[in-house]
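For reference, the structure discussed in these notes is given below.
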Amino acid sequence: MDHIAVIGAGQAGATLVETLRKQGFDRRITLWGDEPLPPYQRPPLSKGYLLGEMARDRLLLRPASFYDDQRIELHTGSPVLSIDPAARTLTHGGGTMAWDALALTTGSRPRTLPATVGGTLGGVFTVRTLADIDAMAPAFREGAHLLVVGGGYIGLEAAAVARKRGLRVTLIEAADRLLSRVSSPETACWFAEKHRAEGVTIRENATLERLTGTGRVDGAVLSDGTHLSVDAVVCGIGILPDVSLAQAAGLVIDDGIAVDGQGRTSAPGIWAAGDCCSFPWRGGRLRLESVPHAIDQAGVVARNILGAEETYEPRPWFWSDQYDVKLQIAGLNTGYDRVVVRDGDGRSHWYFHGDTLLAVDAMNDARAYMVGKRLIEAEQSPDPAAVADPQVPVKSLLPAA
């Protein structure tokens, strides 16, 4: 194998090429990215970077010189236009290149508001790339009125930063509560109360009819006829796996690029990792959107390209920073039938199916998060009554050594 090409220069792509070198692959590696920068961190974009607390160069996962030192050919600002699985080639703006193995780490793209409702007006932003945040930053001025469309974590983080920057914020959510796709009513209510206490106006069961303005947004009309005067809009209505290259090449798509347990796609020699792909999980398929997943799966895929035959076993965890709250999530709450609330150093919500622990949401409670994570990864479940009792030390929920 003389050439491994990786398309997508995000967290998964960067991890994959670095792992290939660490595993001893000494032939040609190319890494292709649409954006003009080396791979960088995305989570701080809507937090520390937008707040002005993190410098641009600190976003980089590795300095640009790293790729030269590792003999990784980094092609920034170079979108791959197509791939040919049969010929084992990729086509880019400068021509066509052959590969022996190809990994797709194309990530995801934000859902956007359609042009028919004003989604293409100036002052309407999504939160995904460094360019998105740089474009948004001038609109985050004290006293301006920001409309946030969507009450998921992206929307809530944008609202928190805007309030810290002195903006007035209105957040609308089409569902009857925040975080309806990803959390329990208990967690959603806790965060709604926090945001309201910080001055955010939250309107649930509220949908956007259209944005108004000539060239630039100046208002929003809601489905109930309410008109809001706004200076900017942040759209946080979810993301979609970026499967365009894979789909055009005829690869199987199933909630992302479909891969097997080792990361192989339906085309020989082509692999995938990260947000862009779904993989077998508990009799179905799962697609995860998180940095830890991108790192872990990309590492497995890199080793498997070199022959390891390793099955990917996800150990999901996530986080979100809002105001002075650090939310840490361990596990996946899919299928829970009850939530046990624990008040300790902070607050935590423990998701159970019957007596089986599935996930933990910990708000400013790192101990509860770490204990919950260890229990979930060990497939062990504590007594729900003990979880609920703040007099029971959280560490004692772990089984005796």
May I have the step-by-step check of side-chain contact (heavy atoms from CB on, under 4.5 Å) for Asp176 and Glu204, ending in yes or no?
-> CA-CA 5 Å; Asp176 60 0; Glu204 293 155 330; 5.7 Å; no
Kindly indicate, with the supporting measurements, whether the criterion side-chain contact (heavy atoms from CB on, under 4.5 Å) is fulfilled by Leu16 and Leu20.
-> CA-CA 6 Å; Leu16 206 153; Leu20 288 171; 3.8 Å; yes
What's the verdict on side-chain contact (heavy atoms from CB on, under 4.5 Å) for Leu332 and Trp281, showing C-alpha distance, side-chain angles and the deciding distance?
-> CA-CA 12 Å; Leu332 294 173; Trp281 188 72; 3.9 Å; yes
Under the side-chain contact (heavy atoms from CB on, under 4.5 Å) criterion, do Leu74 and Leu31 qualify, and how do the steps go?
-> CA-CA 5 Å; Leu74 177 60; Leu31 177 60; 3.7 Å; yes
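Between Arg71 and Asp26, some side-chain heavy-atom pair lies under the 4.5 Å cut-off. Contact check for Val161 versus Ser46: no side-chain heavy atoms found under the 4.5 Å cut-off. Side-chain contact check for Glu18 versus Leu61: every heavy-atom pair is 4.5 Å or farther apart. Contact of the Val127 side chain with the Met136 side chain is registered, since non-hydrogen atoms from C-beta on lie closer than 4.5 Å. Side-chain contact between Leu288 and Gln297 is absent, with no heavy atoms from C-beta onward closer than 4.5 Å. Counting heavy atoms from C-beta on, the side chains of Val200 and Arg163 come closer than 4.5 Å. The shortest distance between side-chain heavy atoms of His227 and Thr212 falls below 4.5 Å. Side-chain contact between Pro280 and Arg285 is present, with heavy atoms from C-beta onward closer than 4.5 Å.
Legend: side-chain hydrogen bond (donor to acceptor under 3.5 Å, both in side chains) pairs involving residues 233-243, not counting sequence neighbours, sorted by first then second residue: Asp242-Ser244. The list of side-chain hydrogen bond (donor to acceptor under 3.5 Å, both in side chains) pairs with a residue in residues 376-387, not counting sequence neighbours, reads Lys373-Glu377.
Remark: Glu313 does not engage Arg315 in a salt bridge, criterion side-chain N to carboxylate O under 4.0 Å. Taking 4.0 Å as the cut-off between side-chain N and carboxylate O, Lys164 and Asp321 do not count as a salt-bridged pair.
Residue Arg196 qualifies as enclosed at atom CZ: its count of foreign heavy atoms under 6.0 Å is above 12. The neighbour count for Asp355 CG, taken as heavy atoms of other residues, nucleotides or ligands under 6.0 Å away, does not exceed 12. Within 6.0 Å of CZ in Arg338 there are more than 12 heavy atoms belonging to other residues, nucleotides or ligands.
Residues satisfying the side-chain contact (heavy atoms from CB on, under 4.5 Å) criterion with Asp100, sequence neighbours excluded, are Met1, Asp2, His3. For Arg109, the side-chain hydrogen bond (donor to acceptor under 3.5 Å, both in side chains) criterion is met by no residue, not counting sequence neighbours. The side-chain hydrogen bond (donor to acceptor under 3.5 Å, both in side chains) search around Ser320 returns Glu157, Gln322, not counting sequence neighbours. For Trp99, there are no ring-ring contact (aromatic ring centres under 6.0 Å, His included) partners, not counting sequence neighbours. Under the rule for a side-chain hydrogen bond (donor to acceptor under 3.5 Å, both in side chains), Ser183 has no partner lying at least two apart in sequence or in another chain. Remark: Glu193 pairs with Cys189 by the side-chain contact (heavy atoms from CB on, under 4.5 Å) rule, at least two apart or across chains. Judged as a side-chain hydrogen bond (donor to acceptor under 3.5 Å, both in side chains), and not counting sequence neighbours, Asp296 has no contacts.
Atom-to-atom distance recorded for Ile305:CD1 and Ile4:CD1 is 5.5 Å, nearest 0.5 angstrom. In this structure, the separation between CG on Asn205 and CZ on Arg177 is 11.5 Å, given to the nearest 0.5 Å. Rounding to the nearest 0.5 Å places NZ of Lys47 at 10.0 Å from CD1 of Ile133. One distance of note links CG of Asp218 with CG of Leu228; it measures 11.5 Å at 0.5 Å rounding. Between the OG1 atom in Thr226 and the CD atom in Glu209 there is a gap of 11.5 Å [rounded to 0.5 Å]. Note that the CD atom of Gln70 and the CZ atom of Arg21 stand 7.0 Å from one another [nearest 0.5 Å].
Asn333 places no side-chain N or O within donor-acceptor distance of the main-chain N or O of Leu358, the cut-off being under 3.5 Å. Counting only distance, with no hydrogens or angles, the side chain of Arg287 and the backbone of Asp275 share a donor-acceptor pair below 3.5 Å. Judged purely by atom type and a 3.5 angstrom limit, Arg203 has no side-chain atom pairing as donor or acceptor with the backbone of Ile172. A side-chain donor-acceptor contact under 3.5 Å links Thr105 to the backbone of Ile7. Under a 3.5 Å cut-off, the side chain of Arg210 and the backbone N or O of Gly118 do not form any donor-acceptor pair. The backbone N or O of Val17 lies less than 3.5 Å from no partner atom in the side chain of Thr19, so there is not a single donor-acceptor pair. The backbone N or O of Gly199 sits nowhere less than 3.5 Å from a side-chain atom of Arg168 that would complete a donor-acceptor pair. Checked by atom type and distance alone, the side chain of Asp134 never pairs as donor or acceptor with a backbone atom of Ala131 at under 3.5 Å. Between the Asp84 side chain and the Ala87 main chain, a donor and an acceptor come within less than 3.5 Å of each other.
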Mind listing the side-chain donor-acceptor pairs of residues 360-369 below 3.5 Å, one per line with the distance, residues two or more places apart or on another chain?
from, atom 1, to, atom 2, distance (Å)
Asp361, OD2, Thr187, OG1, 2.8
Asp361, OD2, Tyr351, OH, 2.5
Asn364, OD1, Lys326, N, 2.8
Asn364, ND2, Asp324, O, 3.2
Asp365, OD1, Ala368, N, 3.2
Arg367, NH1, Asp345, OD2, 2.5

N/O donor to acceptor pairs below 3.5 angstrom from side-chain atoms of residues 262-269, sequence neighbours left out:
from, atom 1, to, atom 2, distance (Å)
Gln262, OE1, Arg264, NH1, 2.7
Gln262, OE1, Arg264, NH2, 3.0
Gln262, NE2, Glu309, O, 3.3
Gln262, NE2, Glu309, OE1, 3.3
Arg264, NH1, Asp260, OD2, 3.4
Arg264, NH2, Glu309, OE1, 3.4
Arg264, NH2, Glu309, OE2, 3.1
Thr265, OG1, Ala267, N, 3.2
Thr265, OG1, Ala267, O, 3.3
Thr265, OG1, Ile270, O, 2.9
Ser266, OG, Val252, N, 2.9

N/O donor-acceptor pairs under 3.5 Å from side chains in residues 139-150, not counting sequence neighbours:
from, atom 1, to, atom 2, distance (Å)
His145, ND1, Ser229, O, 2.6
His145, NE2, Thr170, OG1, 2.9

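With no hydrogens or angles considered, a side-chain donor-acceptor pair links Asp132 and Thr129 at under 3.5 Å.
Ring pair Tyr312/His293 is tilted by interplanar angle, where 30° to 60° counts as tilted.
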